[in-house]
Trainee: 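Could you have a look at this structure, given as C-alpha cells, before my questions?
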There are 2 protein chains.
Amino acid sequence: MTKDVSTERKILEAAREVFIQQGMAGARMQEIADKADINKALLHYYFRSKDLLFERVFMETLQSNGPALFGILGKEMPLKEKLMQFVEHYVELMKNNPFMPLFVINEISRNPEKLFGKIGSQVSQVALGLGLQLKAEAAKGTIRPIEPVDLISSIMGLCVFPVIAKPILRPVFGLSEEDYNKFLERRKKEVPVIIWNYLTDKSTNE
Amino acid sequence: MTKDVSTERKILEAAREVFIQQGMAGARMQEIADKADINKALLHYYFRSKDLLFERVFMETLQSNGPALFGILGKEMPLKEKLMQFVEHYVELMKNNPFMPLFVINEISRNPEKLFGKIGSQVSQVALGLGLQLKAEAAKGTIRPIEPVDLISSIMGLCVFPVIAKPILRPVFGLSEEDYNKFLERRKKEVPVIIWNYLTDKSTNE
DNA sequence: GAAAGGTTTAACCAATTGGTTAAATTTTTT
DNA sequence: AAAAAATTTAACCAATTGGTTAAACCTTTC
C-alpha cells in the first residue's frame with residue numbers, strides 16, 4: 001500500500017508554511033523536517049539543498065495561483081465584469097493565504113531575474129491584451145485613457161495593502177478580528193467601485 | 001577637535017542601509033562595520049548587540065518620517081487639500097527611500113507588539129481626528145460616508161504598491177527606469193483624483 | 001524470500017555568525 | 001605630560017545551521 005500522503009507532498013506543504021512565514025533567510029530546515037514529521041536526513045534525501053527546495057516551493061506558489069488570477073484579465077469580457085471578478089478572486093485568495101503577497105514581493109525583490117523566465121512572460125502577454133482593450137474602450141469614449149500599469153497597480157494596491165498591513169491597521173484603528181474581516185469583505189465591493197469611478201470619470205478627461 | 005561625523009552617527013547610517021536592504025535576519029554585523037568604516041569590536045563597543053542596534057535604527061526610521069507624514073492628516077485643513085499634500089509627501093518620501101515601506105511592513109509583521117507603545121498611539125490619535133472630519137463632511141453631504149481605515153488603506157495602498165512591486169512591474173510591463181519614474185510622478189496627481197472621485201461619488205451613496 | 005527503495009538514528013563536519021577579550025595604539029581631554 | 005576615552009588588531013568562543021555519512025530498519029515490489 002502506498003503512503004496515504006506522499007512524503008514529497010508532505011515536505012512541500014510543510015516547507016511552504018515555513019518559507020511563507022519566515023522567508024527564505026529565516027526558514028530552518030529542521031523546522032521544515034519537524035513540521036513534515038520526518039527527519040533532516042530524509043528531507044535532504046528528497047531535496048538536496050535548501051535552495052532547491054525553496055525554488056520548488058516558490059514556483060509552485062506562483063504557478064498555482066498566478067495563471068487562474070491573471071487569466072481573468074485575459075478573457076473576452078466587459079471591463080467592468082473583469083474588474084469585479086478579479087478583485088473578488090484576488091481578495092479571497094489573500095484571505096486564505098495572508099502571508100503570500102508579502103512572501104512573493106520579498107522573494108522577487110531579493111532575486112528579480114528569477115521571475116521573468118518562468119511566469120513573467122505569460123503575465124506580460126495578459127498585460128498586452130488588457131492594454132488593447134483599454135485603448136479600444138478609450139477610443140469609444142466609454143473610459144478615460146489609461147496605461148495598463150496604472151490600472152493594475154491601482155487594483156492590486158487597493159487589494160494587497162489591507163492584507164500586508166494588517167498588523168499595523170488592526171492596532172492603529174482598534175479593529176477586532178471580526179472588524180478586520182468585515183473590512184476585508186467590504187473591499188470586494190468597494191475596490192471595483194473606486195476603480196470604475198476613476199475609469200469613467202469625466203471631470204479630468206482631456 | 002571632534003570627528004567630522006560622530007562614529008555613532010556613522011554606524012547608524014550604515015546600519016540603516018544594511019538593515020533596510022537585507023532585513024533584520026539577512027543583515028550582517030560585519031557588513032555594517034565595513035560600511036561604517038570601523039571594525040566589529042568598535043561596533044559592539046557602541047551598540048552591545050545586533051538587537052539593540054536594530055531597535056534603534058528601526059525606531060529612528062519610524063520617528064523621523066511618521067510624525068511629519070501623519071501630521072498632515074491631523075492638521076485643520078480641507079479634506080481635498082490634506083489628500084493632495086499627504087500623497088505628494090508620501091510618494092516623494094518613498095521615491096527617496098524605496099526600501100523603506102517593505103522594511104517597515106516586514107519588521108512590524110515580525111514583531112507587531114513593539115509598534116504600538118512607541119508610535120501607534122500617536123497615529124491612532126490622528127486616525128480619530130480624521131474620523132471626526134469624515135463624519136462631519138458626510139453629514140454635510142460633501143462626501144459619502146466612509147470609515148477611516150477604508151480611506152487610509154486606499155490611499156496608502158495606491159501609493160505603496162508601485163514602490164514595493166517595482167521589481168515585478170518593471171519587467172512585466174517592460175518599463176525602462178525612466179518610464180518607471182514617470183509612472184511614479186503620475187501617481188502624485190492620479191491618486192488624489194482616484195480618491196476624490198470615490199469620496200464624492202453619488203451613484204453608490206445610500 | 002531476496003532485492004530495492006524508503007526511513008530512521010545519530011553522530012559528525014565545515015562554514016557562518018554574533019559576540020568577547022585583552023593588549024596595543026591613537027586621539028582627545030584636562 | 002598625564003589621564004581618559006576612542007579605536008584597532010587579532011585571536012578566540014559558542015551557538016546555529018546547512019549538509020553529509022553510514023549503518024540499521026522497515027516496507028514495498030518482484
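FYI, side chains are in, hydrogens and waters are out, and symmetry mates aren't considered; it's all heavy atoms of this structure. All chains are named by letter (A, B, ...) in the order of the sequence lines, taking the proteins before the strands, and each is independently numbered beginning at 1.
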Trainee: Over how many whole Å does the gap from Phe47(A) atom CZ to dT20(D) atom C1' extend?
Mentor: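 Rounding to the nearest Å, CZ of Phe47(A) and C1' of dT20(D) are 18 Å apart.
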Trainee: From the list dT8(D), dT7(C), dA10(C), which nucleotide is the closest neighbour of the side chain of Ile38(B)?
Mentor: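 The closest nucleotide is dT8(D).
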Trainee: With respect to the phosphate group of dT7(C), does any side-chain polar atom (N or O) of Thr7(A) fall under 4.0 Å of OP1 or OP2?
Mentor: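 Yes, such a contact exists.
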Trainee: When you check the gap from the basic side-chain N to the acidic O, do Glu185(B) and Lys188(B) get nearer than 4.0 Å?
Mentor: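 Looking at Glu185(B) and Lys188(B), the cut-off is met.
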Trainee: I need the CG-C1' distance between Asp37(B) and dT8(D), as an integer number of Å.
Mentor: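 For the pair Asp37(B) CG and dT8(D) C1', the rounded distance is 12 Å.
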Trainee: In whole angstroms, how far is the C1' atom of dC13(D) from the NE2 atom of His44(B)?
Mentor: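 Checked: the NE2 to C1' distance equals 13 Å.
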Trainee: Using a cut-off of strictly less than 4.0 Å between a heavy atom of the residue and any atom of DNA chain C, enumerate the qualifying residues of residues 49-60 of chain B by number.
Mentor: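 Those residues whose heavy atoms fall under 4.0 Å from DNA chain C, taken from residues 49-60 of chain B in numerical order, are Ser49(B), Lys50(B).
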Trainee: Please figure out whether Ala41(A) or Met29(A) has its closest DNA chain D nucleotide nearer the 5' end.
Mentor: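 First, find each residue's nearest nucleotide; the 5'-ward one identifies Met29(A).
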Trainee: Starting at atom CG of Asp34(B), determine the distance to atom P of dT8(D), rounded to an integer number of angstrom.
Mentor: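 Roughly 12 Å, once rounded to whole Å.
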Trainee: Less than 4.0 Å between a side-chain N and a carboxylate O, is that true for Arg144(A) and Glu190(B)?
Mentor: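 Here Glu190(B) pairs with Arg144(A) in a salt bridge, since their nearest N and O are under 4.0 Å apart.
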Trainee: Take atom OH of Tyr45(B) and atom C1' of dT8(D), then tell me their distance rounded to the nearest Å.
Mentor: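 After rounding, the gap between these two atoms is 13 Å.
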Trainee: Between dG19(D) atom C1' and Ile32(A) atom CD1, what is the distance in whole Å?
Mentor: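 These atoms are roughly 14 Å apart.
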Trainee: Between dA15(C) atom P and Gln30(B) atom CD, what is the distance in whole Å?
Mentor: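 One finds 18 Å between P of dA15(C) and CD of Gln30(B), rounded.
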Trainee: Taking the minimum atom-to-atom distance to the side chain of Arg28(B), which one of dT9(C), dT16(C), dT8(D) wins?
Mentor: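 Out of dT9(C), dT16(C), dT8(D), the nucleotide with an atom closest to Arg28(B)'s side chain is dT16(C).
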Trainee: Between Leu73(B) and Phe70(B), is there a side-chain heavy-atom distance shorter than 4.5 Å?
Mentor: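 In contact.
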Trainee: What is the distance, rounded to the nearest whole Å, between atom CZ of Arg48(B) and atom P of dG19(C)?
Mentor: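 Spelled out: CZ on Arg48(B) to P on dG19(C) is 11 Å.
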Trainee: Can you check whether Asn39(A) has a side-chain N or O nearer than 4.0 Å to OP1 or OP2 of dT8(C)?
Mentor: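 Result: yes.
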Trainee: What nucleic acid atoms does Ala25(B) come within less than 4.0 Å of, heavy atoms only: base, sugar-phosphate, or nothing?
Mentor: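 If one applies the 4.0 Å heavy-atom cut-off, Ala25(B) turns out to touch nothing in the nucleic acid.
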Trainee: Identify, with sequence neighbours excluded, every residue that meets side chain to side chain contact (heavy atoms under 4.5 Å, CB included) alongside Pro171(A).
Mentor: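 Pro171(A) satisfies side chain to side chain contact (heavy atoms under 4.5 Å, CB included) with Phe116(B) once adjacent residues are dropped.
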Trainee: Name the nucleic acid region contacted by Ala27(B), choosing base, sugar-phosphate or nothing; use a 4.0 angstrom heavy-atom cut-off, strictly under.
Mentor: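 Since only primed, P, OP1 and OP2 atoms lie under 4.0 Å of Ala27(B), the category is sugar-phosphate.
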Trainee: Check every atom of dG19(D), dG18(C), dT7(D) against the side chain of Leu42(B) and return the nucleotide holding the closest atom.
Mentor: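 Minimum distance to the Leu42(B) side chain belongs to dT7(D).
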Trainee: Do NZ/NE/NH1/NH2 and the carboxylate oxygens of Lys182(B) and Glu147(A) come within less than 4.0 Å?
Mentor: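 A salt bridge is absent here (no side-chain N lies under 4.0 Å from a carboxylate O).
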Trainee: Can Lys35(B) and Glu13(B) be counted as an ion pair, charged N to O under 4.0 angstrom?
Mentor: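 Answer for the salt bridge query: no.
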Trainee: What nucleotide among dT7(C), dT8(C), dT21(C) has an atom nearest to a side-chain atom of Tyr46(A)?
Mentor: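 It is dT7(C).
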Trainee: Look at Glu55(B) together with Arg48(B) and state whether they make a salt bridge at an N to O cut-off of under 4.0 Å.
Mentor: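 Between Arg48(B) and Glu55(B) there is no salt bridge, as every charged N stays at least 4.0 Å from the carboxylate O atoms.
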